[in-house]
K.L.:
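Here you go, one structure.
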Amino acid sequence: MQQAPSFPSSWDVEADVVVVGFGAAGMAAAVTAHEAGAKVVMLEKAPEGKHGGNTRVAGQGYLNTSSVEKGIQYLTALCGEFKVPETMVKVWAEEMVQNNDWLAALGCDPQEHQHQPVGIEFPDLAGADCVHKFHDGPKYGYSLTWKAFERLVTERPIPVHYETPAKELIQHDITKEILGLRAVRGGKPVTVKARKGVVLTCGGFENNQEMIRNYLPGVPYCYTSGSPYNEGDGITMAQTVGADLWHMNNYAGPSMALKVPEVPTSFSMQAFHYSKVVPGGAIVVGPDGKRFCDEKYKTRHGKVPINGRWMPLSTPCPMYMILDHAHFSAGPLYDKTPSHGWTQIVEKYDWSDDNAKELAKGWIKHADTVAALAKAIGLDPATLEATVSRWNTSCEVGSDSEFGRTLMLTPLSRGPFYAVELSPSMLNTQGGPRRNERAEIVRPNGTPIPRLYSAGEMGSIYSYLYQGTGNLGECLGFGRIAGRNAAAQKAWG
């Protein structure tokens with residue numbers, strides 16, 4: 001006897017296409033489905049005003065490549081030995097050249113970045129000269145591209161249910177197609193019917209410490225500079241209905257940043273921003289009291305060259321930025337000027353100009369001598385003294401014999417001395433449910449889960465190296481693919 005399907009007899013919300021997550025990928029999916037004639041509803045975990053995911057606080061550039069052929073070459077080279085199916089590489093390349101035309105057709109104003117170099121992350125790779133970074137409008141500034149993306153949704157009759165996190169996909173017991181989902185709003189359950197399909201665009205797992213420990217290499221913990229609402233919800237929901245996973249060990253990091261309990265996202269310390277010149281000396285040491293890298297090296301989104309390969313920056317935890325009084329008193333250690341990052345743009349934490357408030361909070365430790373500072377942060381005093389002495393000698397001769405650092409070769413010479421504990425940090429993870437060239441989420445055997453789609457950082461195509469602005473470019477491309485394929489489905493009911 002055939003089992004009867006179990007799904008709600010009534011629904012609180014109904015639409016043709018339900019999009020989970022309101023960032024660039026969610027926008028692209030929702031607008032594309034709407035333009036195809038589908039009734040669209042969006043669910044957003046964050047409160048209104050804190051929505052937008054990482055798109056809202058990223059660098060506001062998106063990738064528009066100049067050639068399909070070169071795009072195929074470049075993405076293939078970025079993936080390296082972590083190969084992605086050729087069908088996926090091809091459709092990615094075909095969509096990346098269309099981002100500007102699509103946005104312009106919707107009334108946006110694509111402009112190529114003019115105030116900075118083209119921004120090719122790996123210029124030595126085949127096809128790299130296809131990279132072009134764009135933003136919306138005549139000015140380049142924080143959140144301006146996001147505001148254009150947001151407007152494309154709000155000017156259309158696309159309801160957005162804020163503070164309504166999706167919790168569970170509703171799957172037909174027999175056909176295994178996705179019929180809708182269960183969400184929560186105001187502490188009460190909400191059932192959402194998707195007559196044609198569900199598109200998951202709810203980001204990665206950069207705020208899920210258990211998933212970070214399980215999947216990311218070399219980091220016992222890591223904190224985001226992006227949206228604190230990305231906790232891997234979509235990954236868990238997709239797994240529950242049979243999804244395969246890919247690229248779970250890849251992420252846009254690590255960097256080194258301050259993380260404190262009072263603020264949900266990390267502080268990028270100004271002392272180590274590659275474009276800043278700050279007086280005084282500063283180094284970073286690991287739990288053994290020794291330096292472990294060129295602290296001023298501009299990583300390629302967390303990757304550094306090691307033995308002929310690009311590998312994640314080593315982050316032996318706990319790590320401490322050690323600085324002298326000249327550096328401490330030169331100005332704020334954190335640049336609060338809004339440019340990118342959740343702490344700057346959304347939290348808007350008001351860091352004190354003289355660092356005194358943060359010193360009083362205990363975020364910064366200090367002592368009169370290097371040995372006393374070592375004791376205060378649990379390091380061996382003799383080892384830290386030796387490390388500082390070796391660094392000071394390198395500064396005197398103008399050459400860092402340990403790690404080849406060339407920027408800010410300034411000794412730590414004037415006490416008192418200060419320490420800031422740093423943690424691994426990132427903007428986003430790339431892993432999640434595997435998708436195919438139709439943006440369908442697939443099972444481990446490669447077959448699609450009917451009526452379930454994804455786009456964006458949740459299951460991104462980037463398997464190894466990452467090109468800046470590539471995530472937003474992919475959000476637009478695969479968002480369109482997901483939106484049009486979901487809208488083209490025949491309604492189940």
K.L.:
Nearest 0.5 Å, what's the CG-CG distance between Leu409 and Asn392?
P.N.:
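Reported value, rounded in 0.5 Å steps: 11.5 Å.
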K.L.:
Is the ring pair Tyr229/Trp342 parallel, tilted or perpendicular, if the boundaries are 30 and 60 degrees?
P.N.:
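Rings of Tyr229 and Trp342: perpendicular, over 60°.
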K.L.:
Could you walk me through whether Val19 and Thr201 pass side chain to side chain contact (heavy atoms under 4.5 Å, CB included), step by step?
P.N.:
CA-CA 7 Å; Val19 178; Thr201 64; 3.7 Å; yes
K.L.:
What residue pairs, at least two apart or across chains, pass side-chain hydrogen bond (donor to acceptor under 3.5 Å, both in side chains) with a residue in residues 215-227?
P.N.:
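Qualifying pairs, neighbours excluded: none.
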K.L.:
Salt bridge or not between Lys133 and Glu112? Use side-chain N to carboxylate O under 4.0 Å.
P.N.:
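No, this pair does not count.
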K.L.:
Can a side-chain donor-acceptor contact be found between Glu206 and Asn208 if the only test is distance below 3.5 angstrom?
P.N.:
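Their side chains do not contain a donor-acceptor pair, so the 3.5 Å distance test is not met.
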K.L.:
Counting only N and O atoms by type, is there a donor-acceptor contact under 3.5 Å from the side chain of Tyr462 to the main-chain atoms of Gly470?
P.N.:
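Yes; at least one donor-acceptor contact below 3.5 Å.
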K.L.:
So, Glu163 and Lys45, do they make that salt bridge, N to O below 4.0 Å?
P.N.:
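Judged by the 4.0 Å cut-off on N to carboxylate O distance, Glu163 and Lys45 do not form a salt bridge.
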K.L.:
Which residue pairs satisfy the side-chain hydrogen bond (donor to acceptor under 3.5 Å, both in side chains) criterion with at least one member in residues 149-159, sequence neighbours excluded?
P.N.:
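For residues 149-159, and leaving out neighbouring residues, the side-chain hydrogen bond (donor to acceptor under 3.5 Å, both in side chains) pairs sorted by first residue read Glu35-Arg156, His51-Glu150.
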K.L.:
Name the orientation class of the two ring planes belonging to Tyr62 and Phe149 (parallel below 30°, tilted from 30 to 60°, perpendicular beyond 60°).
P.N.:
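Correct class here is tilted.
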K.L.:
Using a 6.0 Å cut-off, check whether atom OH of Tyr464 has over 12 heavy atoms from anything other than its own residue.
P.N.:
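Buried by this count: over 12 neighbours within 6.0 Å.
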K.L.:
Under 4.0 Å between a side-chain nitrogen and a carboxylate oxygen: does that hold for Arg291 and Glu295?
P.N.:
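Salt bridge: yes.
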K.L.:
Before accepting this row, confirm whether a basic side-chain N of the pair Glu474/Arg435 lies closer than 4.0 Å to the acidic partner's carboxylate O.
P.N.:
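Salt bridge present between Glu474 and Arg435.
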K.L.:
Taking the inter-plane angle between the rings of Trp363 and Tyr349 on a 0 to 90° scale, is it parallel (under 30°), tilted (30 to 60°) or perpendicular (over 60°)?
P.N.:
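Tilted: the ring planes of Trp363 and Tyr349 meet at 30° to 60°.
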K.L.:
Salt-bridged, Glu421 to Lys259, with N to O below 4.0 Å?
P.N.:
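Looking at Lys259 together with Glu421, the answer is no, because their closest N to O distance does not fall below 4.0 Å.
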K.L.:
Is the shortest side-chain N to carboxylate O distance from Arg434 to Asp244 below 4.0 Å?
P.N.:
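Salt bridge flag = yes for Asp244 with Arg434.
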K.L.:
Under the side-chain hydrogen bond (donor to acceptor under 3.5 Å, both in side chains) rule, what pairs show up with a residue in residues 309-322, not counting sequence neighbours?
P.N.:
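Sorted result for residues 309-322: Glu81-Arg309.
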